Structures are given as structure tokens and as C-alpha cells.
S.K.: 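Okay, here's the structure, questions in a sec.
Owing to the predicted nature of the structure, the values given are computational and were not obtained by experimental measurement. Each residue takes its place number in the sequence, starting with 1.
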Amino acid sequence: MKTLAVLFAGELNDYSLEPLCGAASAFERAVSAMCRMPGVKNLLVLSSRTHLDGFPAPSGARIGELARAAAASSGGIVPVVLEEASWTVEALFARLSAESEPYDRVAFAFADQPHMDVAFSTGLSELHTRYAAEYTFADGYPQGLAPEFLARGIMPVLARLSAGATERVTRNAVFDVIKKDINSFDIETDIAPTDLRHLRLSLACDTRQGKLLCEALEGISGENYAGFVRDRATALRTVPNFYAIQVAGRCPFECSFCPYPGYCASGSGRSDGVRAVARRDTMSAQDFSRLVDRIAAFSETAVVSLSLWGEPSFHPDVPSLVQAVLRHPGLSLLVETTGIGWKDETLESVAASARSCGPRMDGRHAIDWIVSLDAMTDGRYGAFRQLPADGTASHASLFAEATGFVDRAARLFPGAVWPQTLRMTANEAELESFYRHWKGTLDRVIVQKHDHFCGTVPDLRVADLSPLERHPCWHITRDMSILVDGTVPLCREDLYASRPFGNALNDNLNDIWAGLRSVYEHHVNNIFEGMCGACDEYYTCNF
């Protein structure tokens, strides 16, 4: 089979061009591996002058020089670099269709994947040939061990299916286009004997986290991957991807399903006995700004949430908080809100910051919004928020304010506002209508499982969604929670920091993160002590 190998380098950054484990870079390794794939007659490297979102990309000349040097000892193939101003999905498949015409098939991969296994890929290639498949991929393995194989005959079809697709090229770009008419294609998969999809492992040097992971898994292959990941499980925890920060203590409601409105007796935990609706404490804009600078230095790319507990609209200077995050291109914002208390001038100022801040390194929106509604009627809304039973007017006005906020925010932040409902026994009958309404209105909606906070509030789950086998907690692996005074608890479930691990405003973030590592190591060894043993959130993931 005469094969055209294609490496997509349109989103390369310095992580993929730096030495990996003191040796060749991820890009050089990817070039070498693709040149040695079965049947490869030519290697095409798709480069760009800038990323689609505006970030500068390595020059085509530099990419070409590195590619030729890496390919020199791999079968005599001379890579060809094709450079566009930037790549969209439409441009990618149009180019693949044109360039693949003299070949039987295309082997497609990303140029920042250092651990592509030629022997494993050869088996995938043979599967593709044996069954005359049109699309063949590895399923359940860590992403980045093998290219995707596509028959030449479907390339013009994919070009037509992707026409008008102006979004950036993601790692799922091929499958996302194919699934538009998936029943029209002959597809084969190599299904992993040990399915690791739940670990969401992407072997790509695209971020600091990604490079640390690739270094930790040096030597991984399609044959040894399961034992390799098991034996090096502690290395899967790199640096935080998500920081949940409490910027305001006050919340407008004492919701029936939430533990936050309650309080611990004096001397128990960190609560001073003041209910959430009466709190007035906030994290100062200055402290928050300094904290964010340290987050950017430690993680480089991450999502920062303003909404660990409390309602962020009650902070006196939300625009300053937003600016503190968005001045770092590696950081993006998440705001979870009740939709109550937002002034028009605040929203407009925040929207102006989002428009002017420049693109995010991870391709995310500058700001995403999640609006907790949980109901379709003002009566149900009032009952959940535990509003006075005789206050029907306030029920209606507050529900109207919350739903109205969704409309206001959606106009200012198109594509970045998500109405949310908790799925509980008390509102299960409304779930379908909630989903249909907001899916039809905004084309996006979140249905979140109920959290019983390790058994501290009544369990209102409609169904048990937990995996059959327990695995290390995603939140211990990827998140850092920070309370309004800077205290870092074990996680969000540790509402009053009964087990503090330091203070993010004063202590070194690396030291705090290292201190939490002991809990992760317990999880790796199937030890789930204290609140971890009663937790049902370990399998949920933020970002």
C-alpha cells in the first residue's frame, strides 16, 4: 500500500521542539516514527505561520530543517513542509484530498506526539489492509501511540463533509468529520485489551502538563502500555489544570441540596458560625492578582474558577479579578453563578476584557459561564432555594432574574454560557423539559449529578453512575481548591478545610501540591480513607 504520511504541525509550540528526556524533541521523534511507518513513500508536514487563534508558530523554515534532520536516518524520505497562514478543519481536509491523490491511503498524526510506536502502528496498518477499511484507528489506548489510517477514496468525501468548518483542528478532527455520516464508512478499530479511556491520556507535548506526562512515560508502547501506566501511575499527576477559588463568602440562597448554607459549631472546622447568606468576606483583588500570577508561573496553562463557594457577583471588583486572569494567555476563566446580583455595567466590563485579552493558549473561551438554575418553574425554584413558602412574588422575580441572566450573558459571551440543572429525585420529572428548552434556546446545557458530599447531605441521586472499579480521584489528580482566606483544603468536598494543606496566598504552590500527593498515592494503592472512602465525585472531571 502506497502511503502518504501526514503530520499536523499547525499548532506546534515550544514544548514540542524542546529536548525530551535530554534527547530528541517530540517533533523530531514524530517525524522519525512516521517515516518508518509501513508503505510510507512521502511525509507531508502541515505547518502554519500563526495558529488559528493568533499565536505565532515556529517558522516553516525551522520546521523543515528539523524535519529533514530527523528523517535523514529513517529510510531516505525527504519531508515536504506545506505552510498555511493558519489551518481550519476545512483547509485541512481540502489539502489532504488534493495531496493524497497519487497514494492508496493516508497515515495521519500530530507532530507533537513523541511516543508513536512503529511496531504497534504496523499491526494497525495490517488490520486496515486486511479488511479493506476506509478508516482505522486504535481505541482505548493512550492517544498518540499510532496514526489514523484513511483510504484515499474517502478523502474527497471528507473534504465535502468538512466544507465550511472554520474551527481549529483538534485531535479528534478526523473522527468528528467522519461521524457526520458515520454509517457511510467502513471502519475498523484495534480495541485495547485494557481500556484506559477513563484516564484520558494524551501523549502530546502541547502543554507543560503534557510534556511532563510524556517524560514520565518514556518507553511506553502499544504492547506494554497497560502495565507501564499501572507501574508509573503516580507520574500521571503533573501540575494542576483547574484552580477553584472562593472569591466571595456570601451566597444568596440556602439551597436544600447544598451543604454550604450550614455551618460548623465554633471550633469545628474553619467556619465561624456565620451562615452563607449573611457572610460579607471576600478575597481582595490584590491578593487574588498575586495568587493568579503564581498559578500562571506554576501551571502555565489552566482554568481558573471564581466559584468554589459563594456567589462571585457579590465580590466588589469582579472586573479586576477577570483582568488578573486574562492577562495571562495560558489561563482561562470559569464563572459558576446563580445568575443573581449581576449588574449590567459589571457584565459589560467583563465582556470587554474577554474581547480584548487575546486568544487562550489552550484554545478555550476566555470566559465560560455556568448558570445554576435546577428548575423549570418558579415554584420548584423557590422550593430548592428554600425561599419562604408565602413569597411567591419573590420566587417569580428571582427565577426571572436567574433565567434573564442567561439571556444577557449569552448575548455578551456567545457560545460560552451553559444553563445547568442538578439531576435529583426531586426534579427528575422536569429533566427532559429543562434539557429540551435550553438545548433549543442556546444549543448547550449541563445536566449534573447530585453530590451528597461524602454523605453529609441527603443522597438525592437518581442513579449510581460510579465505575465498577474505583480509580484515583480526578480532583486530587488535577484540581486545587482555595478558600477565601487562601486555605487549601483536600478538595471541594472538604468544605471547612478539616484537613488543610497550606495557604495559597502565603505558601509555595509547588509545596502545597506536593503535600497533596500523599493522598493521590494512597488512591493509586487503592487506599481510600476518611471522606475519600465515602465520596462519589472521584470519577467526575472539570477540565
Side-chain angles (χ1 to χ4, degrees), residues 11 15-16 26 109-110 112-117 120 137-148 168-176 179 189-218 220-222 224-244 299-303 305 330 332 334 360-364 368 446 448-449 465-480 491-492 513 516-517 520 523-524 535-543:
E11 299 280 332
Y15 293 110
S16 59
F110 283 76
D112 55 6
Q113 296 173 330
H115 295 316
M116 282 191 285
D117 180 350
F120 174 59
F137 66 100
D139 190 19
Y141 295 88
Q143 189 179 56
L145 286 175
E148 300 165 281
R168 65 192 298 156
V169 178
T170 69
R171 297 187 190 275
N172 297 320
V174 173
F175 186 75
D176 285 344
K179 73 182 183 183
T189 60
D190 181 342
I191 299 177
T194 302
D195 189 349
L196 295 187
R197 282 177 296 182
H198 67 284
L199 295 179
R200 303 172 185 172
L201 294 176
S202 177
L203 303 176
C205 292
D206 53 348
T207 61
R208 184 186 179 200
Q209 294 92 329
K211 187 179 180 187
L212 289 171
L213 180 65
C214 287
E215 288 177 334
L217 297 180
E218 176 78 351
I220 193 171
S221 70
N224 71 12
Y225 76 97
F228 211 81
V229 169
R230 181 191 63 241
D231 295 342
R232 302 192 184 189
T234 56
L236 303 186
R237 184 176 182 268
T238 56
V239 293
N241 297 70
F242 182 73
Y243 292 83
S299 289
E300 298 187 12
T301 56
V303 176
S305 167
S332 55
L334 172 68
R360 305 293 91 190
M361 289 174 63
D362 59 3
R364 297 185 55 82
D368 280 297
I446 295 175
Q448 187 182 47
K449 63 174 277 299
L465 303 176
S466 59
L468 294 176
E469 294 184 11
R470 180 87 185 243
H471 59 73
C473 174
W474 271 108
H475 304 289
I476 299 297
T477 307
R478 299 168 63 92
D479 301 356
M480 183 181 288
C491 63
R492 178 175 177 265
W513 188 239
L516 285 158
R517 185 176 184 83
Y520 176 74
H523 286 202
V524 168
C535 182
D536 184 53
E537 287 290 299
Y538 68 89
Y539 56 91
T540 65
C541 183
N542 289 308
F543 295 96

S.K.: Just to verify, what does D479 make a salt bridge (Lys or Arg N to Asp or Glu O under 4.0 Å) with, not counting sequence neighbours?
M.R.: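 D479 satisfies salt bridge (Lys or Arg N to Asp or Glu O under 4.0 Å) with no residue once adjacent residues are dropped.
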S.K.: Kindly write out the residues that satisfy side-chain hydrogen bond (donor to acceptor under 3.5 Å, both in side chains) with T301, not counting sequence neighbours, or none if the list is empty.
M.R.: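 So T301 forms a side-chain hydrogen bond (donor to acceptor under 3.5 Å, both in side chains) with Q209.
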S.K.: Of all residues at least two apart in sequence or in a different chain, which pass the ring pair (Phe, Tyr, Trp, His ring centres under 6.0 Å) check with H523?
M.R.: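 For H523 the ring pair (Phe, Tyr, Trp, His ring centres under 6.0 Å) partners, ignoring immediate neighbours, are F528.
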S.K.: For E537, give me all partners under salt bridge (Lys or Arg N to Asp or Glu O under 4.0 Å), at least two apart in sequence or on another chain.
M.R.: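 In terms of salt bridge (Lys or Arg N to Asp or Glu O under 4.0 Å), with neighbours along the sequence ignored, E537 is linked to K449.
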S.K.: If we ignore hydrogens and angles and just use 3.5 Å, is the side chain of T238 paired with the main-chain N or O of L213 as donor and acceptor?
M.R.: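 Here the side-chain-to-backbone pair does not exist.
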S.K.: Got a sec, which residues hit salt bridge (Lys or Arg N to Asp or Glu O under 4.0 Å) with E215, two or more places apart in sequence or on another chain?
M.R.: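 Not a single residue meets the salt bridge (Lys or Arg N to Asp or Glu O under 4.0 Å) criterion with E215.
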S.K.: Holding to side-chain hydrogen bond (donor to acceptor under 3.5 Å, both in side chains), I want the full list of residues that pass it with Y539, two or more places apart in sequence or in another chain.
M.R.: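 side-chain hydrogen bond (donor to acceptor under 3.5 Å, both in side chains) list for Y539, sorted by chain: D536.
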S.K.: Under 3.5 Å, which donor-acceptor pairs link side chains of residues 191-199 to any protein atom two or more places apart or in another chain?
M.R.:
from : atom 1 : to   : atom 2 : distance (Å)
D195 : OD1    : R197 : N      : 3.0
D195 : OD1    : R197 : NE     : 3.1
D195 : OD2    : R197 : NE     : 2.9
D195 : OD2    : R197 : NH2    : 2.5

S.K.: Please find out if less than 6.0 Å separates the ring center of Y225 from that of F120.
M.R.: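 Y225 vs F120: aromatic centres not under 6.0 Å.
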S.K.: Who pairs with Y538 by ring pair (Phe, Tyr, Trp, His ring centres under 6.0 Å), at least two apart in sequence or on another chain?
M.R.: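 For Y538, the residues satisfying ring pair (Phe, Tyr, Trp, His ring centres under 6.0 Å) (neighbours in sequence not counted) are H471.
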S.K.: Can you list everything that forms a ring pair (Phe, Tyr, Trp, His ring centres under 6.0 Å) with Y243? Sequence neighbours excluded, please.
M.R.: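 Y243: no ring pair (Phe, Tyr, Trp, His ring centres under 6.0 Å) contacts found.
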S.K.: According to salt bridge (Lys or Arg N to Asp or Glu O under 4.0 Å), who are the partners of R200, at least two apart in sequence or on a separate chain?
M.R.: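 Listed in chain order: nothing, the list is empty.
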S.K.: Search all heavy atoms of D117 against all heavy atoms of G222 and return the closest pair with its distance.
M.R.: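 Minimum heavy-atom separation between D117 and G222: OD2-N, 2.9 Å.
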S.K.: List for me each residue that meets side-chain contact (heavy atoms from CB on, under 4.5 Å) alongside R492, sequence neighbours excluded, and say none if there are none.
M.R.: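 Checked R492 against side-chain contact (heavy atoms from CB on, under 4.5 Å); matches are L308, W309, D451, F453, S481.
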S.K.: Is there any salt bridge (charged side-chain N to carboxylate O under 4.0 Å, His left out) pair reaching into residues 203-212, and which pairs are they, with sequence neighbours excluded?
M.R.: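 Only E18-K211, R171-D206 qualify under salt bridge (charged side-chain N to carboxylate O under 4.0 Å, His left out).
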S.K.: Please report the closest heavy-atom contact between A204 and P114, naming both atoms and the distance.
M.R.: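 Residues A204 and P114, closest heavy atoms: CA-CD, 4.4 Å.
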